[in-house]
Amino acid sequence: MTRIARFSHGDKVSFGVVDADGASVTAISGEPFSALRTTGEPLPLSEVRLLAPVTPSKVVGFGMNYEPNAPQRGDAEPAFFLKPPTSVVGPGDTIVLPARAGTALHEAELAIVIGRKCRHVAPADVAGVVLGYTCANDVTATELPAAAGGQWAQSKGFDTFCPLGPWIETELDPSDLAVGCTVNGEQRQDGRSSELLTKVPELVALASEVMTLLPGDVILTSSPGGVGPMSPGDEVTITIEGIGSLVNPVASA
Ligand code: MG
């Protein structure tokens, strides 16, 4: 188990390795895309602020990719969209709902974090380009007129609409993990990554067939059933087996 976090302590931002009991984090020198070299003393997690574990050049999103979507999707590939890097926030950060967005839905998703620059990756070679996995909330505003026409850039692109965290687990088999969401402690989503129609290796291969993937880029795998609205004042928790929980409050703009 190796958990890589990004955090601020005072005015310094670092990547670090979270210890086994989840109580402290030790900074590493540089970025986590090559051999990890810890530096300095462990810091209690209570004394640092966890940030989004990476700052991606892009977030590639896939949709319609869970078993309940199978009848709508037929033999087609999953929906393919982008979320801008400015939509990314970290653990504890507020999901801000602008009036323009209307109703916004929580979407609990297993997120793939890329560790190496790559293009045209074959599914069999995907393990070599993945750094690890984290939790994501693919926040989506569905009432915007453009969404009805299949244009998702606005619906999924608002600032704060891509919470990521709390850290990256680098030693994880993504093929059968519980993926859940609670809102104010009430269970809303409860799926398993084994229900993904297009699996993790094929998703990375598909994304890399279109665009060069860079270290730190994130691929969202789609959300199991139970997506639902979030309201100002809510606390939304995305939990993935083997990774941990990503908690974000919700507020109006
Ligand atoms: Mg989604």
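In this chain, numbering begins with 1 at the start of the sequence shown. Each ligand, and each atom within it, is numbered from 1 in the order the structure gives.
With rounding to the nearest 0.5 angstrom, the CG atom of Leu172 is 11.0 Å from the CE atom of Met1. Here CZ of Arg3 is found 7.0 Å from CG of Asp19. Values are rounded to the nearest 0.5 Å. Note: Thr134 OG1 to Ile168 CD1 = 6.5 Å, rounded to the nearest 0.5 Å.
The local environment of CD in Glu41 is sparse, with at most 12 non-hydrogen atoms from other residues, nucleotides or ligands closer than 6.0 Å.
Salt-bridge annotation for Glu241 and Arg192: present, with a side-chain N of the basic residue lying under 4.0 Å from a carboxylate O of the acidic one.
The side-chain heavy atoms of Glu235 and Val247, taken from C-beta on, include a pair separated by under 4.5 Å.
Taking 2.8 Å as the limit, the number of protein N, O or S atoms around the Mg ion (ligand 1) is 3.
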